[in-house]
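If you're wondering where the values come from, they're calculated on a predicted model, not measured in any experiment. By convention here, the first residue in the shown sequence is residue 1.
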Amino acid sequence: MGSSPIRFSGMTSGMDTQSMVVQLMRAESMKMDRLTQRRQILQWRQEQMRTTMSFMNEWRTKNTQHSVVNSIVNPANQAWVTTKANVTQISGSGSGSISVTSTNAAKVGNYTMEVVQTAQNAMVRGDTRFKGTASDTASFKEVKLNELFNLNSVVHTDINGPKTGTITINNVTISVDMDKDSATTVMNRINESKAGVTMSFDSLRGVFTVASKESGEKKQIEISGTAVGDSILDFMGLNNINTKVDPAVPANQFATATGSTAHNLSVWEMGQGIPGGLAIFGGTSGGGVITINGTDINVSLDGSMSVDDIIAAVNGSAANVTMSYTNGRFEIKSNDANKDLTITGTGAGESILHFAGLASVSINAPDDGSRTVRTGRDAIIYFDGTSGSGDGVRIKQSSNVFEVEGLRIDISNAIGATFEADGTTVKEAGQSFRIGTERNVDAAIDMIREFVNQYNDLIRYINAMHSTQRPRTGNSHKGNLFEPLTDEQRQAMSEKEVEQWDEKAKTGLLHNDRDIKRLHSQLRSLMMEPVNLAFDKDGKVTDKIYLFEIGIQTVGLGGSATDRLNGVLEIDESRLRAALEADPERVQKLFARNHLEAGATMAGTNLAQAQENVPHLGLGFRLDEFMNGFANSLDSPLRLRAGGNTGLDVSENTMSRQIRDYNTRIEAMQKYLIRRENHYYAMFARMEQAMSKSNAQMDSLLSFASGGA
């Protein structure tokens, strides 16, 4: 009521005028209490409407924008109905295996696949082992190269010569310095270069290894050195390396080269029988030379030399090799596995080597037979068939991971075919596998279940807002409503009692609210109305799908009567699974048909526009767009009444204006009550004054009467 001066009342009359004024003002204050309670209820209703809008926006964010259900609304972001693959080995020996994963593009079906060979990277392992002590082995990589050579009693013709040189790997040159570089320095420099290899040291076996970083027949290794580089490579057992062989031939034996031609008669006559064969000869028809390991063998392309003649000339030479022609393939093999094999040709000799698939062969033998040289090779498979059956597609590539028919197949651990000595005749077929794919609808069911559960939470929340009645005292419809507490009432109650009272006073404030009821009704309609999928040329709907078609509908008789009344949904999982297995794309459109497919405009600030899009949009977009319009658009009934939590309409809305009106009336009432209180005190003060005068007069009369006596 405001501050007032200290008053000493009733001193003349003996009456408790202070209490009397309080009692009189209590009746007057009831008007103020009613105003503040009405304002408090309005503020609570505004808060609850804003909370409802926030709940709707949180639901949108969680279910139609960023959560797992986003996979339904935006299927491009995540797999919808995938396929899962099962692998069974059907032939071939060994415990090798393949791994298969499916993508969204994989189709349901069964495939067969044979592994002919796996891809491998080129690799060279040195034959010279470190000769130091165990303690030296642990740290030798950090020792400067000149000290390392001395430590191991390595003698090289260049050891007392220049201290610098180069190592060339795959045409990339790396500088080395005996006095400044250690083995680690050299390895790091090689590994950081563009040579495409990785160099390492095996401290257990004491050997150096160089391997190509990528697999495939095009990723080979060539190593050579000059000056000190030559010495270093000799020390590491990695000098003069070339893993290249004819790419058409898997070279399984060291110092062996194999051709790829499959014809008889003379070389010239064979060339006439294959497309492009004569072009290989480059117009050469006379004589020439084949040089093998420095030995020249004269050959001719004029038809005078048969295949046998050429083979006899090579085998009878001092080249110390054996040439053969078996199963349509030429082969030249060194008679000494520890010797290099180098093949070149001039004139007709070069043409013949090209035709036979043996041109420019250079394979280096190890110094002592212990060096390992492995050529890089491609992986080869027969997909949906086997090599022997003539079915399927032969696929050759540098990687062991194949992408085919929506499947990702890794054959790294599989066992390929083995061949006879000729390199072409299969000795034992590679492993064959059956790959079966089937629909994996479990993930889609989980997504839909989550979506439905979240929708049920939403519909229950909205329903509770408008269907819950305000409670009354005494649990009777005749009891009083729980009104907001006055300050005086709060002071008379405990904190727990106040909390419990406020909870009941806030309950049911939106009971039968027209806009909340409308929101609840329209949400139910949105879920029950069909999604239009196709139209004829006149715009007539020719195909549509309902939610009940996939086993989702309102709770039945076996469920809660309240849930059934309020439109809560339940899922018949067996029907949903059947629908997904039969036509997953159709089910997907029920939830995820977007604006592009529907020809609808994107949701904006207009609720009416959002409602126009309803028939053609999937349920995910439909709910998102409608709730955005109902909670956020400029014509949103809730926002017009309660305003948003941010923006210009925080204070410019119907309820805020009503609250300001209550504030004005309450302020006026406060001034009125102060005036009334002052009026009552003034009234009693005048009474006291009148009684004081009356008492004074009475005292005078009594005094006069007493004196006169």
Side-chain angles (χ1 to χ4, degrees), residues 83-102 106 109-123 125 205 209 211-212 214-217 219 243 245-260 262 324 326-329 331 333 337 369-370 372-405 407-438:
T83 56
K84 55 183 178 181
N86 299 309
V87 180
T88 305
Q89 183 174 336
I90 55 178
S91 66
S93 61
S95 58
S97 62
I98 63 172
S99 64
V100 181
T101 55
S102 58
N110 292 294
Y111 307 92
T112 56
M113 191 195 76
E114 178 189 343
V115 178
V116 178
Q117 70 181 29
T118 57
Q120 66 182 19
N121 58 347
M123 184 273 291
R125 181 177 293 117
R205 291 185 288 184
T209 299
S212 60
E214 298 179 40
S215 61
E217 61 187 23
K219 302 297 180 181
T243 65
V245 296
D246 188 314
V249 182
N252 298 317
Q253 298 185 42
F254 186 78
T256 299
T258 306
S260 57
S324 61
T326 308
N327 295 325
R329 294 168 66 92
E331 179 180 278
K333 182 176 180 180
S370 65
T372 302
V373 180
R374 184 179 72 193
T375 184
R377 73 181 183 196
D378 287 348
I380 301 174
I381 65 170
Y382 279 88
F383 185 78
D384 207 14
T386 59
S387 57
S389 68
D391 297 329
V393 178
R394 183 180 184 271
I395 305 174
K396 179 183 178 183
Q397 63 180 42
S398 61
S399 169
N400 280 318
V401 179
F402 292 79
E403 301 281 349
V404 56
E405 293 291 342
L407 301 173
R408 186 177 187 275
I409 307 170
D410 188 341
I411 67 168
S412 300
N413 297 318
I415 299 175
T418 57
F419 299 87
E420 300 289 354
D422 60 20
T424 58
T425 305
V426 175
K427 183 177 182 180
E428 184 173 351
Q431 288 181 303
S432 295
F433 301 87
R434 177 178 291 109
I435 303 171
T437 57
E438 60 184 359

Measure the shortest side-chain to side-chain distance between Asn86 and Glu438 over non-hydrogen atoms and say whether it is less than 4.5 angstrom. yes
Run the numbers on Arg377 and Glu217 for salt bridge (Lys or Arg N to Asp or Glu O under 4.0 Å), then give the verdict. CA-CA 4 Å; Arg377 73 181 183 196; Glu217 61 187 23; over 6 Å; no
What pair of heavy atoms forms the shortest contact from Ala379 to Ile411, and how long is it? CB-CD1, 3.9 Å
Rounded distance (nearest 0.5 Å) linking atom CZ of Phe383 with atom CD of Glu405: 5.5 Å
Rounded to the nearest 0.5 Å, the CZ atom of Phe433 sits from the OG atom of Ser91 at a distance of 8.5 Å
So Asn400 and Asp410, do their side chains get closer than 4.5 Å, heavy atoms only? yes
Within the 4.5 Å heavy-atom criterion, are Arg434 and Tyr111 side-chain neighbours or not? no
Nearest 0.5 Å, please: how far is CG in Asn413 from OG in Ser95? 9.5 Å
Whether the Ser93 and Glu428 side chains hold a donor-acceptor pair (N or O, under 3.5 Å, no angle test) is what I'd like checked. yes
Do Tyr382 and Met113 touch side chain to side chain, with heavy atoms closer than 4.5 Å? no
All heavy atoms of Gly96 vs all of Ile415, minimum pair found to be N-CD1, 3.7 Å
Indicate yes or no: at least one non-hydrogen side-chain atom of Lys84 is less than 4.5 angstrom from one of Thr437. no
Heavy-atom check, side chain of Ile435 versus side chain of Ile409, under 4.5 Å: yes
Just wondering, do Gln397 and Asp378 contact through their side chains at under 4.5 Å, heavy atoms? no
Any heavy-atom pair between the side chains of Gln431 and Glu114 that's under 4.5 Å? no
I'd like to know if the side chain of Asn121 reaches the main chain of Glu214, judged simply by a donor and an acceptor atom lying under 3.5 Å from each other, with no hydrogens or angles considered. no
Would a distance-only check, ignoring hydrogens and angles, find a side-chain to backbone donor-acceptor pair under 3.5 Å from Ser215 to Ser398? yes
Look up atom OG in Ser412 and atom CD in Gln120, then write down how far apart they are to the nearest 0.5 Å. 12.0 Å
For the student: nearest non-hydrogen atoms of Thr118 and Ala414, plus distance: CG2-O, 3.7 Å
